[in-house]
Each structure stands twice: as C-alpha cells, then as structure tokens.
Amino acid sequence: MKSMTGFGNRSLAFSGGRATVDIRAVNHRFLEIKLHLPRGFLALEDELRALVAAQVKRGRIEVFLTLSGQAARSYSVVPNIKLARAYLQAAKELKDVLDLGGDLTIQFFMSRPEVFQVAEAHQPSNAEIEASKKALQGALTALERHRRREGKFLQRDLRKRIATLEKIRRDVGRRSARTQQATRQKLADKVTALLPHLDAERRRVLQDVASLAQKSDITEECVRLQSHFGAFSDLLRLAEPVGKRMDFLLQEMQREINTIGAKADDASIRHLVVQAKEEVEKIREQVQNIE
C-alpha cells in the first residue's frame, strides 16, 4: 500500500552540464501529471509523461526538470539583407550629396550587430535527453520509496482504527443482546394490556409486535459490518492501488452504522454509533492519501 503524497529528487551530470528532476505528488481522485520542462523539451513531453504514468497510478504529480551548465549548443547567424541594403543606399546618398570618397566594406557591416540575427538551436542534445530521462527515473524511484514509507505509517494507523471499529461493533452486539430482553418485555406488556380486545384488534397487535421487533433487531447490520471490516483489512495487505476500493467500503460501513443508529432504541448504543461515525470519518481522511 502506498501513499499518494511524496517527493522525489535526482540530479545527473552529463558532458557540459547537469540535469535535475524534482517530483512532488499530492492527493487527487485520478492521475494528473503536470510537467515543467525547459525550452526545447516539448517534443519529449509524451515520452516523459509515459515514464511517470508507468509507475504512478493515482495522484497529482508535478515534475520539474531543470538543466544547468554549458551544454553543447548549435547556433545560426543570418544576415539582415534588407538592413544591409538600407545602410548601403544611405552611404551612396552621403557620397553623392557630400562628395565623399571611399566605399563600404565588410568590416563596416561586421561592426553592426543589428545586421546579423543570431539564433540558438532549441533542440536538446542527446546527452541532455539521456541524462534527463535517467534523472526522471531516479526521481521516480525516490518518490516510490517515499510513498511506500508513508504508506506503512498509514497502514499501521488504519489497522488500529479498524480494530477500534471492530471493538465498537462487538460492544454494540453485546448491548443489543441485553436490550432485546427489555424490548421483549415491552412487547409482552403491550400484548397483555390488549388481551381483552385481542380478537377485535388482532391485526393491529401483530403489526405492532412485528414493527417493534424489526426496529430493534440490528443483527444483520452487525454481521455486514464485520464483513466490511474484514474486507478492509484484506486491502491493507495489498501492494496494488486500493484507495478507491477502500473509499467504497467506507461508504458501506457508514450506511450500516447509520442504520444501527436509526434502529437502536438505546442510549448506550447510540453513543457507540457516534464513536463509530467519528472513527469512520478519521479513516476516510486517511484514505484520501492512499493510492
């Protein structure tokens, strides 16, 4: 079992520079990957995204790739022909008007940086790409270790809370068995009071008896709760993503606990139901962190 929250980092040197990857993972219902890449890496976005998705199944993942140092670069220098011609035309006009001698040479144009457009190639080198991929894999491995470590803490906490819920369930069962005696006594007293009119009111008496008996019987709910607790404990032992299944089981637990609270005609049981609801809510908060 793994937590959805965690952090991973890896830095890797290559000829001329260094690639560093930082990964931050937080809770999310589904898998959302956001990449922060240097200029020129957009063409590799799908490939890098696939590397992340192969290891992480759920959560909001932010990946930060930074490059430092002086990597090999290629440049292009393009002359601005229109501007050079404008300079040349202006020089000719000056010669004609002021009767000047001499001609423009290449040295003149080379001293004018605006005549040339220098562009750096944005395509990353093979060394940068390979170092970035390896750094990403290393950061993912570090993230995996962090998420598994956090998952163990969550696992221990959830086991304790499920054990607490199971104890509450047993207490509810024992209390319910005692309250059944009181319920049966109520039924007996009511039937006794109606005995003189039983022939005329038989149907209503039987309906009242059935209603009271059904209202106080929480055996089925307790049995289903025990089953849900067992299924939840089984999920705690799995290494695969289980967060969504846990969330579903918590909904089922909550439904059974609510039904017990509605049926129980006993203050002690209602108090135990409140405790159970609080415990389920705490578990729900923890499950939001599980992949």
Side-chain angles (χ1 to χ4, degrees), residues 1-4 27-30 57-59 150-191 205-291:
M1 190 180 78
K2 293 181 288 187
S3 168
M4 275 194 289
N27 302 345
H28 197 274
R29 289 185 61 192
F30 307 103
K57 303 306 177 184
R58 191 175 175 222
E150 292 295 319
K152 288 182 180 179
F153 290 125
L154 289 171
Q155 188 181 54
R156 286 196 290 267
D157 181 72
L158 292 175
R159 280 177 176 162
K160 291 179 182 177
R161 297 193 183 280
I162 288 296
T164 299
L165 281 173
E166 175 59 21
K167 180 180 181 302
I168 293 174
R169 186 197 67 81
R170 291 195 300 266
D171 291 343
V172 167
R174 285 191 290 267
R175 181 65 186 177
S176 177
R178 289 195 293 269
T179 58
Q180 286 296 313
Q181 294 291 339
T183 300
R184 282 193 289 268
Q185 187 60 49
K186 288 180 182 179
L187 293 174
D189 293 343
K190 190 166 186 177
V191 171
V205 171
L206 293 176
Q207 287 176 344
D208 287 346
V209 169
S211 176
L212 286 171
Q214 184 177 8
K215 181 180 179 181
S216 62
D217 187 6
I218 57 174
T219 303
E220 291 185 8
E221 287 76 15
C222 287
V223 170
R224 283 194 291 267
L225 269 181
Q226 186 177 21
S227 175
H228 296 330
F229 296 159
F232 196 94
S233 297
D234 290 341
L235 290 178
L236 288 173
R237 290 190 286 268
L238 298 180
E240 62 195 66
V242 294
K244 289 184 179 180
R245 282 181 281 176
M246 285 181 170
D247 193 54
F248 173 76
L249 275 175
L250 286 172
Q251 294 177 34
E252 296 300 308
M253 292 178 198
Q254 190 70 60
R255 183 179 294 110
E256 302 301 339
I257 291 170
N258 288 339
T259 303
I260 291 173
K263 282 187 173 184
D265 187 19
D266 180 78
S268 297
I269 291 179
R270 285 195 292 268
H271 180 68
L272 290 169
V273 165
V274 171
Q275 292 181 36
K277 287 182 178 181
E278 291 175 350
E279 205 65 33
V280 168
E281 189 57 35
K282 291 176 183 177
I283 293 175
R284 191 187 303 279
E285 291 175 2
Q286 296 286 53
V287 166
Q288 301 310 307
N289 295 321
I290 296 174
E291 185 181 51

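- Between the side chain of Arg161 and the main chain of Glu279, no donor-acceptor pair closer than 3.5 Å is present.
- Between Gln226 and Arg170 there is no side-chain heavy-atom pair separated by less than 4.5 Å.
- Of all the heavy atoms in Ala276 and Leu165, the pair that sits closest is O-CD2, 3.6 Å.
- More than 12 heavy atoms of other residues, nucleotides or ligands sit less than 6.0 Å from atom CZ of Arg270.
- Residue Arg175 comes nearest to Ser268 through the heavy atom pair NE-CB, 3.7 Å, listed as atom of the first residue, atom of the second, then distance.
- The minimum heavy-atom distance linking Ser3 with Glu150 is given by the pair CB-CB, 3.4 Å.
- Taking all atoms of both residues into account, the shortest heavy-atom contact from Gln286 to Leu158 is CB-CD2, 3.8 Å.
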Full working for side-chain contact (heavy atoms from CB on, under 4.5 Å) between Ile162 and Met253: CA-CA 11 Å; Ile162 288 296; Met253 292 178 198; 4.2 Å; yes
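- A distance-only check finds a donor-acceptor pair linking the side chain of Gln155 to the backbone of Leu236 [under 3.5 Å].
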CA sep, side-chain torsions, deciding dist, call: Leu250, Gln254, side-chain contact (heavy atoms from CB on, under 4.5 Å): CA-CA 6 Å; Leu250 286 172; Gln254 190 70 60; over 6 Å; no
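- At most 12 heavy atoms of other shown residues, nucleotides or ligands fall within 6.0 angstrom of atom CD in Glu220.
- Salt-bridge annotation for Lys277 and Glu281: absent, with no side-chain N of the basic residue lying under 4.0 Å from a carboxylate O of the acidic one.
- Between Lys160 and Asp157, none of the side-chain N atoms (NZ, or NE/NH1/NH2) sits under 4.0 Å from a carboxylate O, so this pair counts as no salt bridge.
- Put simply, the side chain of Gln288 gets close to the backbone of Arg284: a donor and an acceptor are under 3.5 Å apart.
- Of all heavy-atom pairs between Gly243 and Val287, the closest is O-CG1, 3.6 Å.
- Atoms CD and NE2, from Glu166 and His228 in turn, are 12.5 Å apart once rounded to the nearest 0.5 Å.
- Atom CD of Glu291 is separated from atom NZ of Lys2 by 4.5 Å, given to the nearest 0.5 angstrom.
- Ile290 contributes atom CD1, which lies 10.0 Å from atom CD1 of Ile283 (distance to the nearest 0.5 angstrom).
- Scanning all heavy atoms of the two residues, the minimum distance from Lys244 to Arg58 falls at N-NH1, 3.7 Å.
- Taken from CD in Glu240 to NZ in Lys57, the straight-line distance is 11.5 Å, to the nearest 0.5 Å.
- Of the inter-residue distances, the one linking Arg224 atom CZ with Thr259 atom OG1 reads 7.5 Å to the nearest 0.5 angstrom.
- Counted within 6.0 Å of NE2 on His271, heavy atoms from surrounding residues, nucleotides or ligands total 12 or fewer; the atom is thus considered open.
- Rounded to the nearest 0.5 Å, atoms CD1 (Ile218) and CZ (Arg169) are 10.0 Å apart.
- By the 4.5 Å heavy-atom criterion applied to side chains, Leu225 and Ile260 are counted as neighbours.
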